[in-house]
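Below is one structure; the comments refer to it alone.
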Amino acid sequence: MLSKVYEPSPVETKWADAWQKDRLFISSPSADKKPFVVVIPPPNITGALHMGHALNNTLQDVLVRYHRMLGREAYWVPGTDHGGIATQNVMEKMLKAEGKTRHDLGREEFLKRTWAWYGECGSTILGQLRKLGCALDLNAGNVRFTMDDKRAASVYESFRSLWGKGLIYRGERMINWCTRCGTALSDIEVEHEDEKSRLWHIRYAFEDGSGSVTVATTRPETLLGDTAVAVNPEDERYKSMTGRKLRLPLTDRLILLVADEGVEKGFGTGAVKVTPAHDPLDFEIGQRHKLEVMRVISYEGKMTNCPRAYAGLSVQAARKKIIEDLSAAGLLVKEEPYKHSVNKCSRCSQHIEPLVSEQWFVKMKGLAAPAITAAESGEVKFYPPSWKKPFTEWLGNIQDWCISRQIWWGHRIPAWYCRKCSGAGLKFSDKGELSRVSFAQGAKPVVSFEKPAACPDCGGADLLQDPDVLDTWFSSALWPFSVFGWPERTEELDYYYPTSVLVTGYEILYLWVARMVMSGIEHMGRPPFSQVYLHGIVRDKHGKKMSKSLGNVIDPLQMIEKYGTDAIRFSLMAQTLGGKDIPFSEEAITGGRNFVNKLYNVARFIQMYLPERQAPLGAARPDELADRWITERYAAALEKSKAAMAEYDLPKAQDALYAFVWDEFCDWYLELAKPRLAGPDKEKVLGLMLELFTGSLKALHPFMPYVTEELYASLKPYLEAPDSYLLKAGWPEAPRVDARAAAAEPLMQEIMGVITQIRTARAQFEIPPGKTIKAFATSGNPAALDRLRTGAGYVKLLSKVEDLRLEAGLAKPPRSVSAISGPFNIYIPMDGAVDLEKERTRLEKELERARKDSAQCVDRLQDPAFTAHAPASEVEKIKTRAADTAGKVSRLTEILAELKTG
RNA sequence: GCGCGGUUAGCUCAGCGGUAGAGCGCCUCUCUUACACAGAGGAUGCCACAGGUUCAAAUCCUGUACCGCGCACCA
């Protein structure tokens, strides 16, 4: 006999091994089958998987397993992402623990170490995906990495092609610079956060001493790089002053007062200091007025190119000192508290410095246009559909994409510079690389994967590669086709592209999804997928983001250890509603665990009755009311589940099956079937149970792969032609429901109602659960009594009635408790005295409810507007209800009257 | 500032035009040979507020309030 409680761990290990060993998840192009393809959002190799990964991969696994069971050639393509800055930061942290920086190691050694880390961390992640039950073939030849040779070839081809079309360029532009990561970032890698700060009002005096202009700023330190002050051209206060020169405080420079439309009259003092090198708006103003771009903040975040007193100070220190100095000089007019949004690095939370720098960019407008069309035409569909608008709007406002990163871990930019031709523009570090700081300013790049043999201009052979690497999202953008070997025209690429659905969190809609759509259209001629399924972020139970610093992180692997994979998957899925964020807590997992245990116990129950001799059960099926009813319920559940899957409503699909198994199959059918398992119908009833239960296991398999596989396997000996694995079985077809089976549903409803009423009365009058009782049921409706007669056995069984009298015109016996269920009056004779007070209160409450109901129906029927406008079926429904409730009222009144006299 | 979403039982959320639902939690009874990770029964809601449309509104429309999230160069 199996233990009473399911133990997931050993079962999961067993099946995970078997699935991989038998290559259950491998796919190959197959001419006669329609593919269903999902490429995994490759996890970064930054550490262990978190709850978000568990959710993301569970959703994909459900879709992949489901479609495979529907007969599609389903392929879920596994892989990991090198993760650019994120991974480099992890490596740097580990180095820091050794008291080193990456510069101590040098580029080559650092990369060597990072590759070694990939070896370790990559396989840890794959192992975790395996634990999660993912239908990913993880054998060596099948797993992709964004930096392996094939993907490197894809990256190069994309770069080469875009460069050839003039869509990639090098230019000096305003970029976001993270001084901690030491690299440029794209606009979407910057997060905005409100921060309390101050607004400083600073006086700039005119050169000739005749008055001054006061500017308001949140960044006094950038004053050192001011090359103008700007006012709105319509601003009467300043109209007469524009064109005059101002003395820049704390320096000996003179700057111009210019008029520019970008300045708001109403804000601050109406005058703004212009620092073209360190503020995006100022940069634009600078361009319009041909102002000098003066860089005063270095890539390290220190003041530079400025008076000696400030040179070398950090931005923060410089701010403090400048305020002091301005104050001492009497130039600080006032200082007020001010809340504004600051830019932070999404990878390390450091303040971002906007600064002008020479970088590589992709021109986006032309690439975005067809992607917008694809979304608008429905060629790419979103689930939930509300994401379409943000998607197209973001693409509509898109800016050029800065793709160069001044880090080491990533795809090296495939551009080379001739030392001779580039002349003084090139600076070299002692290791023979281009210096990090010079960025080969002004140099002319030659795009090539390998080092070119000779400079195309001078023929010289002294070429050096650009030191920068590409934004990690550059390779991610190619993922849906690079995984199939693009640019090589492989059979896989032909068969699997475009993929079917992309499943990911909404937080990377722009970072990743939008870019995949654009590059798919650009390089492959069509979008990389037709559906995008966006899910929310897994948060803690209070809706807070899980983070190590808050200490509210739930580790999926620990939870798996404790509750089992299926329980985690089930609970996560149950809460994935409408793409919204998911509040998750350990308590929430118990629901899943309990259901897993329920399934396990159904199997135990069935096994108890299975014959010793392991042989398939016969094909004969029982045909009682309950049998027809449960078959109909099963069919309905499968239909509902399937319909929900078609709408990507995975939680609803899961819930339909859950509700069937628990509330109908277990709570009613198994209970009704128990005595029959000791009777002549035994084998037939077992046959039906086995059929419906194994069918449910199949239907649930995409959601809870382990327990279903295990239980199915345990029942195999009794099945005719079982499948080797559930994944190879078809997703169950709903059995045909004929008229008799359809009629069983309302009939059972009526009978179940009677049972519930008797149970309620028993509970309220504290009749011990084990005690059998007598009960009477009567009705003015003979047809109803006939119906109830067909279910008399069920009533007796489930409400523990040994003697059930079912007759028309039965009078209420003395010392009995009454109940009403539909057309039936039910009387339960009590052994001793009845607590009349309790009984009266109970019935009066019931009566009141019925009266209210009845009155409501009558009112509506008397309203001519209702009968005239409402559809006939609705009027009919109310009429029936009116009759039912009226009957109930009169019967209750009668019983109550009798109670008083009795 | 603009946009999007939310506001329903103590908690997390379904329902999106015809008499308010689930899971968890809570209360009572039961360790009845599948399951106490269970069974049976029970309590709990001016469906944020104000208008409107409709025979009928939690559900549609318009506003208001609060909460969350995006986007944005207001120094």
Side-chain angles (χ1 to χ4, degrees), chain A residues 2 4-6 174 188 192 199-200 215-219 222 230 262-264 266-275 279-285 338 340-341 354 384 386-387 389-390 393-394 397 506-507 509-510 536-537 541-543 563 567 571 574-575 577-585 587-588 590-609 651-652 655 658-659 663 666-667 670-671 674 756 759-764 766-770 798-800 852-853 856-857 860 863-871 873-875 877-878 881 885:
Chain A
L2 294 162
K4 276 171 88 163
V5 174
Y6 176 65
M174 176 66 62
I188 30 180
H192 312 276
L199 192 62
W200 288 275
V215 303
T217 183
T218 52
R219 300 208 55 189
T222 61
V263 182
E264 294 270 335
F267 189 87
T269 61
V272 58
K273 57 192 268 324
V274 182
T275 323
D279 182 276
L281 173 65
D282 294 2
F283 183 72
E284 276 175 39
I285 295 176
Y338 186 67
H340 71 141
S341 132
S386 52
W387 282 108
K389 197 175 164 193
E393 279 180 1
W394 184 78
N397 295 325
Y506 66 75
E507 77 273 19
L509 180 64
Y510 310 134
I537 297 165
K541 64 173 156 183
H542 305 293
Y563 298 99
S571 305
Q575 286 173 84
L577 301 156
K580 283 185 293 200
D581 286 353
I582 296 146
F584 199 72
S585 60
E587 301 94 84
T590 55
R593 180 200 57 181
N594 294 356
F595 184 50
V596 170
N597 193 240
K598 191 77 180 174
L599 288 172
Y600 172 77
N601 275 291
V602 173
R604 279 180 73 217
F605 174 78
I606 294 177
Q607 267 160 355
M608 256 173 44
Y609 293 95
K652 196 197 259 180
D655 185 65
Y658 167 87
D663 303 339
C666 291
D667 286 352
L670 290 190
E671 293 306 322
K674 276 178 183 171
T756 303
R759 283 171 166 178
T760 305
R762 292 181 62 121
Q764 280 171 350
E766 283 150 25
I767 299 171
L798 296 190
S799 41
K800 287 235 168 188
K852 224 172 107 189
D853 242 23
Q856 210 175 52
C857 292
R860 287 176 76 181
D863 180 0
F866 173 70
T867 43
H869 294 274
S873 63
E874 188 58 29
V875 176
K877 219 167 88 186
I878 300 297
R881 203 197 300 162
T885 49

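Letters go in sequence order (proteins before strands), and every chain restarts at 1. Source: prediction; values computed, not measured.
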Determine the contact category for [X]: base if any of its heavy atoms lies under 4.0 Å from a base atom, sugar-phosphate if only primed atoms, P, OP1 or OP2 are that close, otherwise nothing.
X	value
Glu587(A)	nothing
Arg759(A)	sugar-phosphate
Val263(A)	base
Pro390(A)	nothing
Arg762(A)	nothing
Asp667(A)	sugar-phosphate
Thr217(A)	sugar-phosphate
Tyr563(A)	nothing
Thr218(A)	sugar-phosphate
Thr269(A)	nothing
Cys666(A)	base
Pro864(A)	nothing
Glu671(A)	base
Tyr338(A)	sugar-phosphate

_If you assign His192(A) and Glu393(A) each to the RNA chain B nucleotide with the nearest heavy atom, which residue ends up on the more 5' nucleotide?_
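Taking each residue's closest nucleotide, the earlier one in sequence belongs to Glu393(A).
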*Val5(A) vs Asn397(A), nearer the 5' end of RNA chain B by closest nucleotide*: Val5(A)
Could you work out which one of [options] sits closest to the side chain of [X]?
X	options	result
Arg881(A)	C55(B), U19(B), U33(B)	U19(B)
Phe866(A)	G42(B), G18(B), A34(B)	G18(B)
Asp853(A)	C29(B), A14(B), U19(B)	U19(B)
Phe605(A)	A34(B), A72(B), G42(B)	A34(B)
Ala870(A)	A34(B), U19(B), G18(B)	G18(B)
Lys580(A)	A34(B), C13(B), C35(B)	C13(B)
Tyr510(A)	C71(B), C37(B), C73(B)	C71(B)
Pro871(A)	C55(B), G18(B), G23(B)	G18(B)
Gln575(A)	C55(B), U12(B), A75(B)	U12(B)
Leu281(A)	C74(B), C29(B), C73(B)	C73(B)

*Classify the ring geometry between Tyr506(A) and Trp387(A) as parallel (under 30°), tilted (30 to 60°) or perpendicular (over 60°).*
parallel
*Do the rings of Trp394(A) and Tyr510(A) sit parallel, tilted or perpendicular, given the 30° and 60° boundaries?*
parallel
Take atom [atom1] in [N] and the same atom in [M], then report the distance between them in whole Å.
N	M	atom1	answer
C60(B)	A22(B)	P	22 Å
A9(B)	G21(B)	P	14 Å
U54(B)	G42(B)	P	41 Å
A58(B)	G15(B)	C1'	9 Å
C61(B)	C66(B)	P	22 Å
U62(B)	A40(B)	C1'	49 Å
C11(B)	C46(B)	P	12 Å
G18(B)	U59(B)	C1'	11 Å

Show the nearest heavy-atom pair for residues [X] and [Y], with the distance to one decimal.
X	Y	answer
Val5(A)	Asn597(A)	CA-ND2, 3.6 Å
Arg860(A)	Ile878(A)	NH1-CD1, 3.5 Å
Ala230(A)	Val263(A)	CB-CG2, 3.7 Å
Ile537(A)	Asp581(A)	N-OD1, 2.9 Å
Cys857(A)	Arg881(A)	SG-CD, 3.6 Å

Atom [atom1] of [X] to atom [atom2] of [N]: distance rounded to whole Å?
X	N	atom1	atom2	result
Leu199(A)	C74(B)	CG	C1'	11 Å
Ile878(A)	U19(B)	CD1	P	7 Å
Phe584(A)	G23(B)	CZ	C1'	13 Å
Ile188(A)	C71(B)	CD1	P	9 Å

*Is the cationic atom of Arg593(A) (NZ for Lys, CZ for Arg) positioned less than 6.0 Å from the six-membered ring centroid of Tyr563(A) and within 45 degrees of its normal?*
no
*Under the side chain to side chain donor-acceptor pair (under 3.5 Å) rule, collect the residues that match up with Glu284(A), sequence neighbours excluded.*
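Residues passing side chain to side chain donor-acceptor pair (under 3.5 Å) with Glu284(A): none at all.
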_Tell me every residue that passes side chain to side chain donor-acceptor pair (under 3.5 Å) with Asn594(A), counting only those two or more places apart in sequence or in another chain._
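Counting only residues at least two positions away or on another chain, Asn594(A) forms no side chain to side chain donor-acceptor pair (under 3.5 Å).
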*State whether a side-chain donor-acceptor pair under 3.5 Å links Lys852(A) with Thr885(A).*
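There is no such pair (donor and acceptor under 3.5 Å, judged by atom type) between the side chains of Lys852(A) and Thr885(A).
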_Bracket notation of RNA chain B in which parentheses pair within the strand, [ ] cross earlier pairs, and | pairs with another strand (Watson-Crick or G-U, under 3.5 Å)_ = ((((((((.[[[[.)..(..]]]].(((((.......))))).....[[[[[..)....]]]]])))))))....
Do any side-chain nitrogens or oxygens of [X] fall under 4.0 Å of OP1 or OP2 in [N]?
X	N	result
Lys598(A)	C35(B)	no
Lys389(A)	C4(B)	yes
Arg860(A)	C55(B)	no
Lys800(A)	G41(B)	no
His340(A)	C74(B)	no
Asn594(A)	C35(B)	no

